[in-house]
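A quick write-up on the structure given underneath.
Quick note on labels: first sequence line is chain A, next is B, and so on, each numbered from 1.
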Amino acid sequence: MTLATLFFYLFSAVMLASAVMVISSRNPVHSVLFLILAFFNAAGLFILLGAEFLAMILVVVYVGAVAVLFLFVVMMLDIDFAELRQGMLNYLPVGATIGLILMVELVLVVAGWSISPDLLKTVTSPAPSVTDMTNTEALGRILYTKYIYYFQAAGLILLVSMIGAIVLTLRHKPNVKRQNVSDQVARGPATAIEIRDVKPGQGI
Amino acid sequence: MWLLEQADAAAVLPEIILAVIAMVLLMVGVFRKGETANFVNLASLFGLAVVALLVIFGGSGRMTAFGGAFVVDTFARVMKVLILFGSAAAITLSVHFMKEQKIEKFEYPILILLATVGMMMMVSANDLISLYMGLELQSLALYVVAAIDRDNARSSEAGLKYFVLGALSSGMLLYGASLIYGFTGATGFPEIAAATAAGAGGLGVLFGIVFVIAGLAFKVSAVPFHMWTPDVYEGSPTPVTAFFSAAPKVAAMALLVRTVFAPFSGLVPDWQQILVFVSIASMVLGAFAAIGQTNIKRLLAYSSIGNMGYALVGLAAGTQEGVRGVIIYMMIYMIMTLGSFACVIAMARKGRQVEEISDLAGLARTDKMLAFVLAMLMFSLAGIPPLAGFFAKYFVFLAAIQANLVTLAVIGVVASVVGAYYYLRIVKIMYFDEPAPGFDPMHGEVRLIAVLAGAFSLVFVLIAQPLVNLAGAAAASLF
């Protein structure tokens, strides 16, 4: 157990440090990179808890998609972050007060947390014990059997969003030259080269 | 094998077939060379007809599938046929309109088909998750078709506005669903009903119901969640507006009916007060806000808000008669509103759409038929006997009075008298004002829908009995 404790403190310390760096670093690209580091450490914490599916999702969705999107936005938009951050010291007391209140509230909520014993009996699909099967397997079993209808419906929703994005943004421009691989491959000396007999002193 | 046991497949067969047709047509549209919109339009109409036949003749009685997430009963069948009809009308109305506005795209009928799949899923939802899935499938397709005229700022604005507010309402609905799940421990409607009957929940479930009803009230555009309606109706291309005010309204209302009755039949007094308020507010706002409108699409938007208020009167009654009233109301409302929008589509001068009410001036002298049809529809919407709209209101008010909600019924009658003013004003403008220049000749399919709707509201009194019986059987299947 000591190893797990060690890793817990390691992940937590790195995560907190990188979270501080996200808001304090001067270069916005560095901020995003620290955010990614924080996500990785959070994923590590999830693994320590035995929630490996959440850890994977965190890495795939947040690091793979959201953070990369952030990076694109930060790099493509010309935002003067130094200017944005100018008033930071002025707002610090207010921000700190709000943060403190939020923390007190969270502590109060978590301290008074209890789950009604009746609820555990009525849960439709209780999660199996981690010793029986992994999270991923448990989710997979229910997702592709009992919840196949929802799964397929979600697929249809994604299809609609794809059609929507294309309908609303795609414009066919007639003069765009596109690469056509099969044309390129089929190109040989017979079609690509034309031999002309050029008389000396005359142009083509 | 769990996957698609036969009974499951039989219950969802219409939805599966419609989804497959949509996907096949998408491939056809993408890969076929040349002009595809006409072919896809026709094929979509054919597909909708086939699916409607499947719904009607695909078995009877109550069927559930996927562990109770999906239910087919008489109520679902009646609503699905209505929805399929509304979608078919929306595609039919768009054919020439889209061509003339140069926004013809083969994706439009496909998005309508996918929205229809979503609506059918909503009507059959018997679980909070399937409710949300159906709702999102429908809404997402609607956001896109609202903005289908993408080079027009008003259409894009309509789509964006609808999207942002729709996402907000989905959030509220999900929050309510999570509260209900948290306090009852189940997402299936029968399980929630059993849990609340056993005394689980209390205030938490009530909070959940409030949020779920708020989310659904947004979808039927009931006050106080109606703000998007006039802007979206005005900005979207007219056939899209016609679609918005017909099939999705029917689906959302059916979903609301099932959501308040299936899981919360034991909590009628709790949700009844919410629905009474929403219904009164919608009727009153629909009646008063429409008076000052000069744009006919905005006027019809307020009219649809008011009409949702009347339909909710039946639901607020909380009885089987009330549900029967809602079903009859939605049936008649959908046909009347499709007819009205067909008339609005016919308002074009030299290929350009006009939308002001004053453009209708003296229509009786330039196009007798159109004026007569629109007058019949306006009389019917105003609720003047013996037209269809009168019976629609009669059945919901009757149910309210039987449930001892006399105040609600009286407010409804007063609101409908106020509302009659602006419907009759249109008739007056068409028949007694100095004629404006005539409209372009109507296209055949638009004329057909307008005339059919007008004829329906005229002869409803003759065909009322079987329809009322059908609605009664559908309502009985919920209890």
Exercise for the section: Mark yes when over 12 heavy atoms from residues, nucleotides or ligands other than B:F163 sit less than 6.0 Å from its CZ; otherwise mark no. Expected result: no

Fill in the blank from the handout: Between the OH atom in A:Y149 and the CE atom in B:M133, the distance rounded to the nearest 0.5 Å is 9.5 Å

Fill in the blank from the handout: Value for CG (A:L170) from NZ (B:K105), rounded to nearest 0.5 Å, stands at 10.0 Å

Problem - Pairwise side-chain contact, B:D151 with A:R171, heavy-atom cut-off 4.5 Å (strictly under) - result: yes

Practice task
Please look at A:L168 and chain B and tell me whether the side chain, the backbone, both or neither of the residue comes under 4.5 angstrom of a heavy atom of that chain.
Solution key: both

Problem - Portion of B:M121 that has a non-hydrogen atom of chain A nearer than 4.5 angstrom - result: both

Practice task
Output the distance between atom CE (A:M162) and atom CG (B:L140), rounded to the nearest 0.5 Å.
Solution key: 12.5 Å

Exercise for the section: Please look at B:Y132 and chain A and tell me whether the side chain, the backbone, both or neither of the residue comes under 4.5 angstrom of a heavy atom of that chain. Expected result: neither

Handout entry: Neighbour count above 12 (heavy atom, 6.0 Å) for B:Y175 OH
Key = no

Handout entry: Verdict with reasoning, A:L156 to B:L114, per side-chain contact (heavy atoms from CB on, under 4.5 Å)
Key = CA-CA 8 Å; A:L156 270 185; B:L114 288 167; 3.9 Å; yes

Fill in the blank from the handout: So, the part of B:V117 with a heavy atom under 4.5 Å from chain A: the answer is side chain

Problem - Nearest atoms (heavy-atom pairs only) where B:R150 meets A:I166 - result: NH1-O, 4.3 Å

Fill in the blank from the handout: With B:L137 as partner, the option from A:V160, A:L159, A:L158 fulfilling side-chain contact (heavy atoms from CB on, under 4.5 Å) is A:V160

Exercise for the section: Answer whether the closest heavy-atom distance between the side chains of A:V167 and B:Y108 falls below 4.5 Å. Expected result: no

Exercise for the section: Under 4.5 Å heavy-atom distance to chain A, tell me which part of B:A19 shows up: side chain, backbone, both or neither. Expected result: side chain

Exercise for the section: Inspect the surroundings of CZ in A:R187 and state if more than 12 heavy atoms from other residues, nucleotides or ligands are less than 6.0 Å away. Expected result: no

Handout entry: Residue A:Y62 excluded, over 12 heavy atoms near OH under 6.0 Å
Key = no

